[in-house]
There are 2 protein chains.
Amino acid sequence: MMSNSQELKSSGLKVTLPRLKILELFQNTMAGDQRHLSAEDVYRLLLIEDMDIGLATVYRVLTQFEQAGLLIRRNFESGKALYELNGGEPHDHLLCLSCGKVIEFNDAPLQARQNEIANEYQFVIQERAMTLYGVCKDCQAKQK
Amino acid sequence: MMSNSQELKSSGLKVTLPRLKILELFQNTMAGDQRHLSAEDVYRLLLIEDMDIGLATVYRVLTQFEQAGLLIRRNFESGKALYELNGGEPHDHLLCLSCGKVIEFNDAPLQARQNEIANEYQFVIQERAMTLYGVCKDCQAKQK
DNA sequence: GTATATGCAAAACTTTTGCATCCTT
DNA sequence: AAGGATGCAAAAGTTTTGCATATAC
């Protein structure tokens, strides 16, 4: 298991407080249902923790982390980018339009079919993004 | 076959020149490879055609058309929304990160699997979005 | 004639950039 | 000591909104 400092170094990034804090933030929020954070989210959460950080730094660090493969950048329909920790396995999303909840799943047959389609078009996949928008089980119950 | 005027009326929208022109624009560009247009794209294409239209109107009309189901709004990784004509059939995208080309495909097994996954989570799908990002056949050839 | 749509300008939001200062190595 | 990182402010890009005028029905 690599420490966060080692993880940053091996990505060619200097170990600084903002970078460590942002990395920890994503690791800690991973447990909750709030796995996807915008730059503004990160900024506000760090201010709450007394971190005196600039929004511009947050944007820069998020971009660097994405390029380093530590985070994945997602574009849902909200108009702003959300980031999540890169857990290694590709996965897709169900996004509830009623409550905003994001359900993640990892489905091998689906990915296999994606690969077959890419092969048909002789297309080399670098990144996958699949989101089904709709209404989750809980919200269906509430609407009745 | 409904005329464009009828199509607007049956969506509860008054028939105005900007709306007709924008609808025609999407119908005409459907033939080419430029099926996905941003608000700015629409604005510039209409200015070329002598239409003296305001950018704000373009945004308003695109939003109305999306709500009426005439257009589909897509959020790829570019940071701005793209719209395409709603052809009725759901379809997904391969987006080339090298040349920006968008390849569309319609794959029944893939959609069937999406439905199965949604059922597992008792999730009601309203909209699908799947995009594979990578390098297209042509760009692979060029890179050699 | 009335209600809605449009155009323009201003504002709101998200993201990027320039630059002086500070921190990591 | 040197190069990169940070914070602040300003700028750039996208989308929304207020309001007076024009247009569709």
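Lettering follows sequence order; numbering is per chain, from 1.
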TODO: Starting from the 5' end of DNA chain D, give me the residue, R19(A) or A39(B), whose nearest nucleotide shows up first.
DONE: R19(A)

Measure [atom1]/[X] against [atom2]/[N] and give the value in whole Å, please.
{"X": "L37(B)", "N": "dT15(D)", "atom1": "CG", "atom2": "C1'", "value": "17 Å"}
{"X": "K21(A)", "N": "dG7(D)", "atom1": "NZ", "atom2": "P", "value": "13 Å"}
{"X": "K80(A)", "N": "dT16(D)", "atom1": "NZ", "atom2": "P", "value": "14 Å"}
{"X": "N75(B)", "N": "dT14(D)", "atom1": "CG", "atom2": "P", "value": "14 Å"}
{"X": "L55(A)", "N": "dT6(D)", "atom1": "CG", "atom2": "P", "value": "13 Å"}

- [ ] Look at the side-chain heavy atoms of Ile, Leu, Val, Met, Phe, Trp and Tyr, link any pair under 4.5 Å apart, and say whether L97(B) and I103(B) land in one connected group.
- [x] no

Open item on the list: Are L45(A) and Y43(A) connected into the same hydrophobic cluster when the rule is that any two of I, L, V, M, F, W, Y join if their side-chain heavy atoms are below 4.5 Å apart?
Closed with: yes

[X] side chain to [Y] main-chain N or O, any donor-acceptor pair under 3.5 Å?
{"X": "S78(A)", "Y": "K80(A)", "value": "yes"}
{"X": "N119(A)", "Y": "Q122(A)", "value": "no"}
{"X": "T63(B)", "Y": "Y59(B)", "value": "yes"}
{"X": "N106(A)", "Y": "P90(A)", "value": "yes"}

Heteroatom pairs (N/O) under 3.5 angstrom, protein to nucleotides 20-25 of chain D:
residue	atom	partner	partner atom	Å
dC25(D)	OP1	V15(B)	N	3.2

Task: Positions of residues 59-69 of chain B (non-hydrogen atom under 4.0 Å from DNA chain D), listed by number - done: Y59(B), R60(B)

- [ ] For residues Q27(B) and N4(B), determine if any side-chain heavy atom of one lies less than 4.5 Å from a side-chain heavy atom of the other.
- [x] yes

Task: 5' to 3' contact window, DNA chain C with chain B (heavy-atom distance under 4.0 Å) - done: dA3(C) to dA9(C)

Task: No-hydrogen, no-angle side-chain donor-acceptor test under 3.5 Å, R128(A) and Q111(A) - done: no

Open item on the list: Ignoring hydrogens and geometry beyond distance, is a side-chain donor-acceptor pair present between E66(B) and N86(B) at under 3.5 Å?
Closed with: no

Task: Basic-acidic side-chain contact under 4.0 Å: R73(A), E77(B) - done: no

TODO: Quick one: which residue pairs count as a ring-ring contact (aromatic ring centres under 6.0 Å, His included) with a foot in residues 65-104 of chain B, not counting sequence neighbours?
DONE: H36(B)-F76(B), H36(B)-H93(B), F76(B)-H93(B), H91(B)-H93(B)

- [ ] Dump the intermediate steps for side-chain contact (heavy atoms from CB on, under 4.5 Å) on S5(A) and L20(A), then the final yes or no.
- [x] CA-CA 7 Å; S5(A) 293; L20(A) 282 171; 4.1 Å; yes

- [ ] Compute the angle between the rotation axes at the two ends of the helix from dG1(C)-dC25(D) to dT25(C)-dA1(D), each taken over five pairs, rounded to 10 degrees.
- [x] 40°

TODO: Could you list all the side-chain hydrogen bond (donor to acceptor under 3.5 Å, both in side chains) pairs where at least one residue sits in residues 45-54 of chain B, not counting sequence neighbours?
DONE: none

